[in-house]
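See structure below.
Only a predicted model underlies this, so the values are computations on that prediction, with no experimental measurement involved. The chain is numbered in sequence order, starting from 1.
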Amino acid sequence: MKKIILGLFLILGAVSFAVPKYVNTTKLESAGYEITTDDEDLFSFGKATQEAGISVAFYPMPKETPKAISEAVKNSAPDGVKFISSLENKRAYVLKFKDGEVYTYNFVPKKQKSKDCHISVLYMTDKDLSGASLNKAVDSSVNEAESFLK
């Protein structure tokens, strides 16, 4: 009997550590997102809308800078994905990639909402965004990603 109780506590302990404590998974799932990765060094989730495919990653690297996170994303782009440009607006560092007919934008906020992690948003669309439309995509995506942090 003691072994069964110990086993249950170990399983419950593992489950409680699975999702980072700073993530509101109830809100995330009710917004239509699906958790795609839940590792020690990465928590990610995504969804597809009529406008775009959105994938959000939380990196628990509080000692890194947002610029370093953005550069790491740039350097980890798969072969065949063409890097177009790097820019920044008042809210985030923005990377632009193209793979066939799909444009992929990466947004890394300049200021962390949580000291526990950095946010990286991949925004995939068939539209070539610039100016006000890009700023609107950055703001809405980052606001939504930040809303899932406790």
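Going from atom CD of Glu146 over to atom OG of Ser114 covers 10.0 Å, rounded to the nearest 0.5 Å. Annotation: the span from Lys136 atom NZ to Ser141 atom OG amounts to 11.0 Å, rounded to 0.5 Å. Remark: Lys82 NZ to Thr104 OG1 distance equals 14.0 Å, nearest 0.5 Å. Interatomic distance, Gln112 CD to Leu149 CG, rounded to the nearest 0.5 Å: 10.0 Å.
Between Ser140 and Ala137 the shortest heavy-atom distance is OG-O, 3.4 Å. Across every non-hydrogen atom of Ala145 and Phe58, the tightest pair is O-CZ, 3.6 Å.
Side-chain contact between Ser120 and Asn106 is present, with heavy atoms from C-beta onward closer than 4.5 Å. Side-chain contact check for Ile35 versus Glu29: some heavy-atom pair is nearer than 4.5 Å. Under the 4.5 Å side-chain criterion, counting only non-hydrogen atoms from C-beta, Ser85 is in contact with Lys96.
Between the side chain of Tyr33 and the main chain of Lys27, no donor-acceptor pair closer than 3.5 Å is present. Remark: the backbone N or O of Phe83 is not paired with any side-chain donor or acceptor of Lys74 at under 3.5 angstrom. Although no hydrogens or angles enter the test, the distance criterion places a donor-acceptor pair under 3.5 Å between the side chain of Thr36 and the main chain of Ser44. For Asn89 (side chain) and Ala92 (main-chain N/O), a donor-acceptor pair under 3.5 Å exists by modelled atom type.
Taking a cutoff of 4.0 Å between a charged side-chain nitrogen and a carboxylate oxygen, Glu34 and Lys47 do not qualify as a salt bridge. Note on Asp139 versus Arg91: salt bridge recorded, some NZ/NE/NH1/NH2 to OD/OE distance being below 4.0 Å. Looking at Asp128 and Lys98, no side-chain N of the basic residue comes within less than 4.0 Å of a carboxylate O on the acidic one, giving no salt bridge.
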Exercise for review: Apply side chain to side chain contact (heavy atoms under 4.5 Å, CB included) to Val23 and Phe43, showing your working.
Suggested key: CA-CA 9 Å; Val23 178; Phe43 181 79; 3.6 Å; yes
Practice item. Tell me, with the steps shown, if Tyr105 and Thr125 meet side chain to side chain contact (heavy atoms under 4.5 Å, CB included). Key: CA-CA 8 Å; Tyr105 299 87; Thr125 181; 3.9 Å; yes
Practice item. Run the numbers on Tyr59 and Leu42 for side chain to side chain contact (heavy atoms under 4.5 Å, CB included), then give the verdict. Key: CA-CA 5 Å; Tyr59 295 101; Leu42 173 68; 3.6 Å; yes
Check your understanding: Given Ser70 and Leu95, is the side chain to side chain contact (heavy atoms under 4.5 Å, CB included) satisfied, shown in steps?
Key -> CA-CA 8 Å; Ser70 180; Leu95 301 174; 3.7 Å; yes
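Residues Leu134 and Met124 fall into different hydrophobic clusters, defined by Ile, Leu, Val, Met, Phe, Trp and Tyr side chains chained together at heavy-atom separations under 4.5 Å. Leu87 is not connected to Ile69 by any chain of hydrophobic side-chain contacts under 4.5 Å among Ile, Leu, Val, Met, Phe, Trp and Tyr, and they are in different clusters. Linking ILVMFWY side-chain heavy atoms closer than 4.5 Å, directly or via other members, places Leu122 and Tyr103 in two distinct hydrophobic clusters. Under the 4.5 Å side-chain heavy-atom criterion for ILVMFWY residues, no single connected hydrophobic cluster contains both Tyr123 and Val102. Using a 4.5 Å cut-off between side-chain heavy atoms of Ile, Leu, Val, Met, Phe, Trp and Tyr, with links allowed through other members, Phe107 and Val73 fall into different hydrophobic clusters.
Between Phe45 and Phe148, the ring planes lie perpendicular to each other; the angle is over 60°, past the 30° to 60° tilted range.
Of the options Asn135, Val138, Val108, a side-chain contact (heavy atoms from CB on, under 4.5 Å) to Val94 is made by Val138 and by none of the others.
Annotation for Lys67: atom NZ counts as buried by contact number, over 12 foreign heavy atoms lying within 6.0 Å. Within a 6.0 Å sphere centred on NZ of Lys150, heavy atoms belonging to other residues, nucleotides or ligands number more than 12.
Annotation: cation-pi pair Lys110/Tyr93 present, NZ/CZ under 6.0 Å from the ring centroid and within 45° of its normal.
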